[in-house]
Amino acid sequence: MSKADRLGAGTSFGQTKTISARRAAINAVAAAPTEGAPPPVKLPVDKISLNPDNPRSELGDLTDLGASLRDHGQKTAISVMGRFAYLEGNPGRDEDLEPGTKYVVIDGNSRLAAAREAGLTEIKVMLDDELGSNPDEILESALVANIHRQDLDPLDEAKALEQLLKVHGTQEALAVRLHRSQGWVSQRLALLGLTPELKKKLQDGEESAALLRRVGKKKAEEQEEHLLRLKAQEAQQAADKKRLARERADGTSPQGKKQEPSVAEQTAEKPAPTKQSLSGDKASGSDLPAPRDASRRLSRLPSQDPEVLTELIITELDVPTRRKLTELLVDYKIEESMRMRAEQGDASDGQ
């Protein structure tokens, strides 16, 4: 039996079936066609309400988007729910919807507003009443769509993630739901810990979200200083890259000596550390990248300071090597979790 047969008539299925008297009465009041209505390809823009719970706090300047929709056409349909289905999941929100509308946009607020601003009368839609049965699911549908497009304001994204975290309980569970890593969730939530001054700089485009995500977990009085330190490190790395590029061009260092490869270059030449070396009792050190000059070798890694260790890895290792290291650490974490669950299961069986 198909899903349509099990659920009966609705805005998502183009077939006619008997619906309850209660739903028919509400449909008449809400003016939301659900009985036997085929999925529309286009809808009038004045029949679709903007989403009152859209993750974006501000739509911003829509001039360019509107001009693109008008001159080049709409490439991707917006996602909408029928008004009735939306109100079933959001009881008491009828007054928050635009009067006279029959649908509510879930993903595509900006495109709908831009189409109106550009004077368009219709817009392509994907109609799906199953985008959410409660406020949290509807917010999640909108958030996931924006995450996949990667065009959500960083602070708006963090606020939406914070709301979803209350639903899913842990960062790990939320990460699984969004098909992201726990670190990805943690980094974005860190923006909520920024001082008001740094949040304003982020909104004004004066500071990058990538840097501020590494600052948000610091104490308020330490954030400015840590940001300056990170920016100084980035500037030094950029200068080092330019210097290395110049030295590689003539094959020598400024002192006339053959240029030594960087730690990142040596790491790329060496095989990545194995899972056994990660999970052993003690790291042998043979898998760690070592400069050829023994005097430059680190006496030990700062293993007791995760933040310093992270910055060292980011500074010294190239992107492919960092990616491989991350994969190995994730594999090790999964194996460790499975081992712990197995041990807990054995302990329960023995009681």
Side-chain angles (χ1 to χ4, degrees), residues 51-62 109-110 113 135-136 139-140 142-241 301-317 319 322 326 329:
N51 187 346
D53 295 319
N54 186 54
R56 297 178 186 274
S57 57
E58 298 290 341
L59 293 178
D61 186 358
L62 301 173
N109 248 31
S110 296
D136 296 318
L139 172 65
E140 187 176 67
L143 176 61
V144 169
N146 281 279
I147 285 175
H148 288 318
R149 284 201 307 274
Q150 298 182 338
D151 63 353
L152 190 62
D153 175 83
L155 280 176
D156 285 342
E157 181 182 56
K159 292 173 184 175
L161 286 171
E162 183 182 41
Q163 187 170 340
L164 290 174
L165 184 60
K166 296 175 183 177
V167 178
H168 294 284
T170 66
Q171 291 185 12
E172 290 79 3
L174 177 56
V176 170
R177 181 65 176 173
L178 297 178
H179 303 286
R180 290 293 192 272
S181 68
Q182 183 272 331
W184 184 93
V185 174
S186 177
Q187 288 175 359
R188 278 145 184 79
L189 288 173
L191 293 178
L192 300 177
L194 293 172
T195 62
E197 293 78 14
L198 289 180
K199 285 181 179 178
K200 187 176 188 306
K201 288 184 178 181
L202 174 59
Q203 291 175 319
D204 294 343
E206 297 178 19
E207 301 291 353
S208 72
L211 269 182
L212 292 178
R213 285 174 184 140
R214 299 165 63 186
V215 173
K217 292 183 180 180
K218 296 288 185 181
K219 295 179 181 178
E221 61 271 18
E222 299 175 355
Q223 291 183 7
E224 287 283 359
E225 180 181 353
H226 190 61
L227 177 61
L228 291 175
R229 185 161 59 250
L230 291 175
K231 293 170 75 172
Q233 290 177 357
E234 284 198 342
Q236 184 60 51
Q237 291 171 25
D240 289 344
K241 287 181 180 179
L301 289 174
S303 57
Q304 302 305 313
D305 192 332
E307 291 186 359
V308 173
L309 182 58
T310 299
E311 291 180 8
L312 178 63
I313 290 173
I314 293 173
T315 301
E316 296 294 343
L317 302 185
V319 173
R322 292 203 304 267
T326 301
L329 289 171

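Nearest heavy-atom pair, Glu224 versus Leu198, reported as atom, atom and distance to 0.1 Å: OE2-CD2, 3.6 Å. Between His168 and Ala173, the shortest heavy-atom distance links the atoms O-CB, 3.6 Å. Contact record, Leu164 with Glu140: CD2-CB, 3.9 Å, taken as the closest heavy-atom pair. Scanning all heavy atoms of the two residues, the minimum distance from Leu202 to Pro154 falls at CD2-CB, 4.3 Å.
No side-chain heavy atom of Arg180 sits under 4.5 Å from any side-chain heavy atom of Arg188. Between Gln171 and Leu161 the shortest side-chain heavy-atom distance does not fall below 4.5 Å. Looking at Glu197 and Gln223, their side chains never come closer than 4.5 Å, going by heavy atoms from C-beta outward. Annotation: side chain of Val185 is not in contact with side chain of Gln182 (no heavy-atom distance under 4.5 Å). Contact annotation: the side chain of Arg177 never approaches that of Val167 to less than 4.5 Å [non-hydrogen atoms, C-beta and beyond].
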Task: Steps toward side chain to side chain contact (heavy atoms under 4.5 Å, CB included) verdict (Leu211, Glu234) - done: CA-CA 10 Å; Leu211 269 182; Glu234 284 198 342; 3.7 Å; yes

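Here the straight-line distance linking atom OG of Ser186 with atom CZ of Arg213 works out to 11.0 Å at 0.5 Å rounding. Separation of atoms OG1 (Thr195) and NZ (Lys201) is listed at 8.0 Å; rounding is to 0.5 Å. Interatomic distance, CG of Leu192 versus CD of Glu157, reported as 10.5 Å (0.5 Å rounding). Atoms CG and OG1, from Leu317 and Thr326 in turn, are 9.5 Å apart once rounded to the nearest 0.5 Å.
For Glu172, the CD atom sits in a packed shell: over 12 heavy atoms of surrounding residues, nucleotides or ligands are nearer than 6.0 Å.
Using a distance-only test at 3.5 Å, with no hydrogens or angles considered, no donor-acceptor pair links the side chain of Asn51 to the main chain of Asn109.
Tested against Gln233 for a side chain to side chain contact (heavy atoms under 4.5 Å, CB included), the candidates Gln237, Lys231, Gln236 yield a single pass: Gln237. Considering Leu194, Asp204, Leu191, Leu212 as possible partners of Lys199, the one that fulfils the side chain to side chain contact (heavy atoms under 4.5 Å, CB included) test is Leu194.
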